[in-house]
Amino acid sequence: MAASAAFGQSLDDQRRAFAEAQAKGAAAQQRSQRLEASAAAARDQSDQARSRAAAIAARVQGAEADIDAAEARIAIIERLRRDQRARLAQQQGPTVRLVAALQTLARRPAALTLVQPGSIDDLVHVRALLSTIVPAVEARTADLRAEVARGRQLRGQADHALGLLAQSQRALVTQRNALAALAVERRRASDDLSGSAIVEQDRALAMGEEARDIGDLMTRIGASAEVRSILETLPGPTMRPARPGEARALPAEASASTGGGGQAPYRIPVIGQVVTGLGEVSDTGIRARGLTIATRPNAQVVAPTGGRIAFAGPYRGYGNIVIVDHGRGWTTLITSLAALDVRVGDPVDQGSPIGKAGPSRPTITVELRKMGQPIDIARIVG
């Protein structure tokens, strides 16, 4: 993505993109380490599996950011090499012409100098001229040698950057394979449980069919989330879990984190560049209700904060969508997914893998809502 986006950018823009990609990669690495520690400390097997999956997903996103950084580095080096070649060509012109003139003088026969009238005076003048020109030639050739050495250095940096790119690409494949294997393992374990998730899925599908549009669907799910949260706080018997064997209800901190309760901050779910912000009007006159992010092909998409999957599947021209119920009426909508890693009823932690972007110039849209009303993600993102 970075290499194609670099076309037409200034050098400062390219350096800024490189720094941002490096920062995203470092942040992903830190998240992975924290999640690995959480997985090691978890006593519940399902909590441990979610933390492990989130840790691997963070490593996937870290590898994606490393690839962006490598491509940005290559774009910067290629720009510097292009500028260096232009300078070298400009400096070579006068020197080449001067050396050609000296070669013409050098080809004059020495015997002819002795027999031509005035040739002794000419020889003195030539020697005087050479004594002036030679230092200038030496200075120019020294500059040329320095530029050539700089070119070799840039070439070495380019080769190193290409090596880092190949290394990051291999790491991405390795981490994606590890995440896929873990997903199969988790799905096999969950399939051994009773099939009450089918009821949840049917309920979500029915809600999707009844909703007039995606905004209405978000409002319905937000209202359902608020009712669920209220019921969970009432005294009396514990609510039957969404899936047998899963006694953990939606944690209060998940909704608090979204609502600004001082817990883990909301996070952008995919590595990429924001191309449309909340409230911006498109060329077709549609006002954006969230963020649209341009990302890498097949980029990993994760849960922006904890919750429960309320909807997962294709929906009316939006591609595959995922709606995460954070509780207390808070919901996140993520659209334009090419593949899904979750099903309705699945609990997710912040960073849990939920799907992947498309294969060609993909964009992912994320909307945060409170009871169906769009919320500015920029105010709470961390």
Side-chain angles (χ1 to χ4, degrees), residues 197-232 239 242 250 254-255 257-260 266 268-270 274-293 301 303-348 354-355 357-358 362-381:
I198 298 176
V199 177
E200 289 281 312
Q201 182 72 39
D202 290 343
R203 178 173 172 273
L205 289 175
M207 192 179 298
E209 291 173 357
E210 293 172 1
R212 295 184 302 256
D213 54 31
I214 201 165
D216 187 21
L217 177 60
M218 291 287 287
T219 301
R220 289 170 181 260
I221 289 178
S224 176
E226 186 176 45
V227 170
R228 179 188 176 95
S229 297
I230 292 172
L231 291 176
E232 286 174 349
M239 292 181 61
L250 180 69
S255 57
S257 65
T258 308
Y266 197 87
I268 300 297
V270 66
V274 175
V275 294
T276 303
L278 179 69
E280 291 187 28
V281 180
S282 69
D283 295 337
T284 58
I286 298 176
R287 187 174 298 276
R289 292 171 294 190
L291 302 180
T292 299
I293 303 160
V301 184
T305 193
R308 171 179 159 275
I309 301 301
F311 192 96
Y315 188 81
R316 299 182 187 178
Y318 291 90
N320 287 312
I321 72 168
V322 169
I323 299 177
V324 185
D325 167 10
H326 305 297
R328 304 185 189 280
W330 288 90
T331 52
T332 292
L333 165 69
I334 302 174
T335 72
S336 306
L337 294 164
L340 299 177
D341 296 330
V342 290
R343 294 189 296 198
V344 172
D346 286 350
V348 291
I354 63 173
T363 58
I364 296 294
T365 298
V366 54
E367 299 179 14
L368 173 65
R369 300 196 182 199
K370 170 68 172 177
M371 289 298 295
Q373 296 301 312
I375 302 297
D376 186 4
I377 297 174
R379 295 190 292 108
I380 59 174
V381 72

Enquirer: Is a donor from one side chain sitting under 3.5 angstrom from an acceptor on the other, for Thr332 and Tyr266?
Expert: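 Present: a donor and an acceptor within the cut-off.
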Enquirer: Donor-acceptor check, side chain of Asp346 to backbone of Arg343, threshold 3.5 angstrom: yes or no?
Expert: yes
Enquirer: Mind listing the closest non-hydrogen atom pair of Ala338 and Gly358 along with its distance?
Expert: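 It is CB-CA, 3.6 Å.
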Enquirer: How far apart are the C-alpha atoms of Ile309 and Val322, what are their side-chain angles, what is the distance that settles it, and do they pass the side chain to side chain contact (heavy atoms under 4.5 Å, CB included) test?
Expert: CA-CA 7 Å; Ile309 301 301; Val322 169; 3.9 Å; yes
Enquirer: Do Ile268 and Leu291 have side-chain heavy atoms sitting under 4.5 Å apart?
Expert: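 Counting from C-beta outward, Ile268 and Leu291 do come under 4.5 Å.
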Enquirer: I want to check something: taking the side chain as every heavy atom from C-beta on, are Ile323 and Leu217 in contact at a cut-off of under 4.5 Å?
Expert: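 Answer yes - side chains close enough.
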Enquirer: Indicate the atoms forming the closest heavy-atom contact of Ala310 with Ile221, along with that distance.
Expert: CB-CG2, 3.6 Å
Enquirer: Main chain of Thr331, side chain of Lys370: is a donor-acceptor contact present, judged purely on distance under 3.5 Å?
Expert: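 Checked: no pair found.
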Enquirer: Taking all heavy atoms of Val342 and all of Ala312, pick out the closest pair and write down the distance.
Expert: O-CB, 3.9 Å
Enquirer: Could you report the tightest heavy-atom contact between Gly313 and Leu340, atom names first, then the distance?
Expert: N-CD1, 3.5 Å
Enquirer: With sequence neighbours left out, what residues match Thr365 under side-chain hydrogen bond (donor to acceptor under 3.5 Å, both in side chains)?
Expert: Thr292
Enquirer: Report the C-alpha distance between Thr335 and Ile214 in whole Å, list the side-chain angles of each, state the deciding distance to 0.1 Å, and finish with yes or no for side chain to side chain contact (heavy atoms under 4.5 Å, CB included).
Expert: CA-CA 10 Å; Thr335 72; Ile214 201 165; 4.3 Å; yes
Enquirer: List the atom of Val348, the atom of Ala303, and the distance in Å for their closest heavy-atom pair.
Expert: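 Closest heavy-atom pair between Val348 and Ala303: CG2-CB, 4.1 Å.
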Enquirer: How close do Gly355 and Asp341 get, counting heavy atoms only, and between which atoms?
Expert: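 Minimum heavy-atom separation between Gly355 and Asp341: N-OD2, 3.4 Å.
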Enquirer: Ile375 versus Trp330: any side-chain heavy-atom pair under 4.5 Å?
Expert: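 The answer is yes, as the side chains (C-beta and beyond) meet within the 4.5 Å cut-off.
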Enquirer: One pair to check against side chain to side chain contact (heavy atoms under 4.5 Å, CB included): Ile293 and Val366. What are the steps and the verdict?
Expert: CA-CA 8 Å; Ile293 303 160; Val366 54; 4.1 Å; yes
Enquirer: Do the side chains of Ile321 and Leu337 get nearer than 4.5 Å, heavy atoms only?
Expert: no
